[in-house]
Amino acid sequence: MAPLDGKVALVTGASRGIGAAIATRLAEDGAAVALTYRAGKELADAVVERITSAGGRAVAIQADNADQDAVAEAVERTVRELGRLDILVNSAGIISVGPIEQLTARQRDEIIAVNVTAAFTAAQAASRHLGEGGRIISIGSNLAQRVPSPGMTLYSMTKSALDGLTKALARELGPRGITANVVHPGSTDTDMNPADGPSADAQRAISALGRYGTTEDIAATVAHLAGPGGRSITGASLLVDSGTNA
């Protein structure tokens with residue numbers, strides 16, 4: 001029996017990168033998976049096809065994380081289409097970088113809406129459906145805890161907010177047997193930050209292991225938190241960053 005047999009997971013922002021790897025791994029572990037995407041329908045459909053061709057259940061839901069009504073509706077649609085909700089993974093996110101004096105109000109409002117408000121909205125909506133053994137897992141960044149270079153003020157602020165959200169959720173939902181945790185990836189090989197990109201060597205140089213992580217590394221940690229092994233882990237911030245913040 002797979003560790004997540006009979007469970008239903010919703011993974012936001014899962015058409016590519018870390019989110020896609022998480023959705024795929026949770027399905028491999030037995031969960032039925034709903035995944036949201038903003039604009040990449042073909043990519044999302046490919047993730048669904050990968051899961052269903054392996055014998056799993058999956059559905060793609062169009063939802064822009066900047067639209068809080070759409071985020072809440074994605075939770076409700078997951079329950080309608082897959083019958084229940086046991087695991088929420090807040091994976092959708094965007095990045096804005098640059099000198100603080102050059103950042104615009106529009107950039108600020110958008111990144112807060114996508115990276116912070118949507119995580120709260122999804123958790124709020126999910127809390128109405130999660131029961132004993134429920135899981136809320138957010139994907140942050142090691143830049144929430146250590147910022148080695150300038151230009152990351154806005155992004156780091158939003159990812160730091162997930163630590164506070166997670167600790168508060170752990171206390172509020174713990175009496176119902178629901179856990180809440182945040183996983184903070186470091187440099188991870190995705191199309192947003194490829195391992196062969198112009199700054200990749202510098203990022204590897206400041207890690208203890210001297211390497212980039214893979215999306216599968218992040219997915220494995222999420223799968224552990226979502227499964228039986230995560231039953232006593234809550235309110236935690238877990239670094240998966242090749243020792244960059246060591």
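Each residue takes its place number in the sequence, starting with 1.
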Compare all side-chain heavy atoms of [X] with those of [Y] and state whether any distance is below 4.5 angstrom.
| X | Y | value |
| --- | --- | --- |
| M152 | M157 | no |
| N181 | T179 | yes |
| L143 | P148 | yes |
| Q203 | N193 | yes |
| V59 | V48 | no |
| I178 | R135 | no |
| I137 | N90 | no |
| V97 | I95 | yes |

For [X] and [Y], work out which heavy atoms get closest and say how close.
| X | Y | result |
| --- | --- | --- |
| T215 | G17 | CG2-C, 3.7 Å |
| G93 | N115 | CA-OD1, 3.2 Å |
| V11 | A23 | CG2-CA, 4.1 Å |
| A200 | P194 | CB-O, 3.9 Å |
| S127 | L173 | CB-CD2, 4.3 Å |
| A60 | Y37 | CB-CE2, 4.0 Å |

Main-chain N/O of [Y] paired with [X] side-chain donor or acceptor, under 3.5 Å:
| X | Y | value |
| --- | --- | --- |
| K159 | I139 | yes |
| R176 | L130 | yes |
| T214 | D217 | yes |
| T188 | P185 | no |
| H184 | S141 | yes |
| D241 | N245 | yes |
| T166 | D163 | no |
| S53 | R50 | yes |

Go through the structure and list residues passing side-chain contact (heavy atoms from CB on, under 4.5 Å) with L209, not counting sequence neighbours.
R211, S242

Can you name the salt bridge (Lys or Arg N to Asp or Glu O under 4.0 Å) partners of D29, sequence neighbours left out?
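For D29, the residues satisfying salt bridge (Lys or Arg N to Asp or Glu O under 4.0 Å) (neighbours in sequence not counted) are R25.
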
Residues which pass salt bridge (Lys or Arg N to Asp or Glu O under 4.0 Å) with R84, listed by chain and number, not counting sequence neighbours:
D86

Should the pair R231-E132 be classified as a salt bridge under the 4.0 Å nitrogen-to-oxygen rule?
no

Assess whether a salt bridge exists between E81 and R77, defined as any Lys/Arg side-chain N lying under 4.0 Å from an Asp/Glu carboxylate O.
yes

Candidate list V240, L238, T190, test side chain to side chain contact (heavy atoms under 4.5 Å, CB included), partner I218, passing option:
V240

When rounded to the nearest 0.5 angstrom, what distance separates CZ in R128 from CD in E76?
7.0 Å

